[in-house]
S.K.: 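The structure under discussion is supplied below as structure tokens; questions concerning it will follow.
Keep in mind that the numbers below use all heavy atoms, side chains included, and drop hydrogens, waters and symmetry copies. Read the numbers this way: they start at 1 and go in the same order the structure lists the ligands and their atoms.
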Amino acid sequence: MDNTVPTNETNEVRVELNGPVPQHVAIIMDGNGRWAKSRGLPRSAGHAAGAETFRTIASYCRDIGMKYLTVYAFSTENWRRPQEEVEGIMRLLDTYIHEALAVMEKERIRIEFFGNVSGLSDNLLDLIKQAREMNKKVTDGVQANICVNYGGRDEIRAAAAAFAKDCMEGRRSPEELDEALFSQYMYSKDVPDPELIIRPSGEIRTSNFLLWQSAYSEYYFTDCMWPDFTPFEINRAINDYNKRSRRFGAV
Ligand code: IPE
Ligand code: IPE
Ligand code: MG
């Protein structure tokens, strides 16, 4: 059972971790818009609050010894939103990476990007390049994989195309393709599959997130909106995860 005590300042229930921390947790950072709407604020305010939550959660995940934290920030489908909202999210991303570059080394956070980044602005591409360069200086701590212009189907499509190209150009042959090799064609190559995937905001669907990598992930859904997410919510999800029996098809 969760070890629960109410906190002083809010009605939030304090949940302490009561088991091991998975090495890789993934989060669909959803509910920014509804969080803002319920406060009479524009959706952009929800995205700004969500970016703040990400900072807090990434540091917390590092502190508890998690190795990889993958977050869904912008999907291949999110381009369907009004241009103004899309531009606002891209500006936030720009600001986030800019600020992160200055503190990554001290904070022990590596920042990777999963997704078709070639679809982003030149400015963002340059910041991503700088972050990847800075990653080389961060030898421990947590790796945050930010999924931008990411779609699980698009990732598998791109992997298939890249493998086919390698075959046509003589570097690979179809007979050698196994799951481990195909994994190397994904954005997540060299990162173990997430043990736990968390979706806040009450929606119970994957929305095209980590389709390949989630084959045996445990899911945790909560009604909490992403901007309201706290380290206690992470603890609650991990404690729930630790109660599960993972059989991977065996008995
Ligand atoms: C998640 O929050 C952020 C992105 C998808 C970019 P939403 O913007 O989807 O918030 P809701 O789901 O409308 O509340
Ligand atoms: C998924 O959330 C994408 C991100 C959180 C970045 P959406 O809000 O876009 O998903 P749907 O539309 O509810 O499925
Ligand atoms: Mg949403």
S.K.: For Cys147, run the side-chain contact (heavy atoms from CB on, under 4.5 Å) check against Thr70, Ile27, Asn208, Thr76 and tell me which one passes.
M.R.: Thr70
S.K.: Parallel under 30°, tilted from 30 to 60°, perpendicular over 60°: which one fits the rings of Tyr72 and Tyr150?
M.R.: perpendicular
S.K.: Who else is in Trp35's hydrophobic cluster (ILVMFWY, side-chain heavy atoms under 4.5 Å, direct or via others)?
M.R.: Leu41, Met225
S.K.: Is there side-chain contact between Gln213 and Val191, with at least one heavy-atom pair below 4.5 Å?
M.R.: no
S.K.: Please confirm whether Lys37 approaches ligand 1 to less than 4.0 Å, judged on its heavy atoms.
M.R.: no
S.K.: What are the two closest non-hydrogen atoms of Arg39 and Asp228, and how far apart are they?
M.R.: NH2-OD1, 3.7 Å
S.K.: Kindly give the atom name of the N, O or S atom of Asp30 closest to the Mg ion (ligand 3).
M.R.: OD1
S.K.: Tell me if the centroids of the rings in Trp212 and Phe182 come within less than 6.0 Å of each other.
M.R.: yes
S.K.: Mind checking whether Val148 and Phe209 sit in one hydrophobic cluster, side chains of I, L, V, M, F, W, Y counted as touching below 4.5 Å?
M.R.: no
S.K.: Select all protein residues for which some heavy-atom-to-ligand 2 distance is less than 4.0 Å, and list them by chain and number.
M.R.: Ile28, Met29, Asp30, Tyr72, Ala73, Phe74, Asn78, Arg81, Arg199, Arg205, Ser207
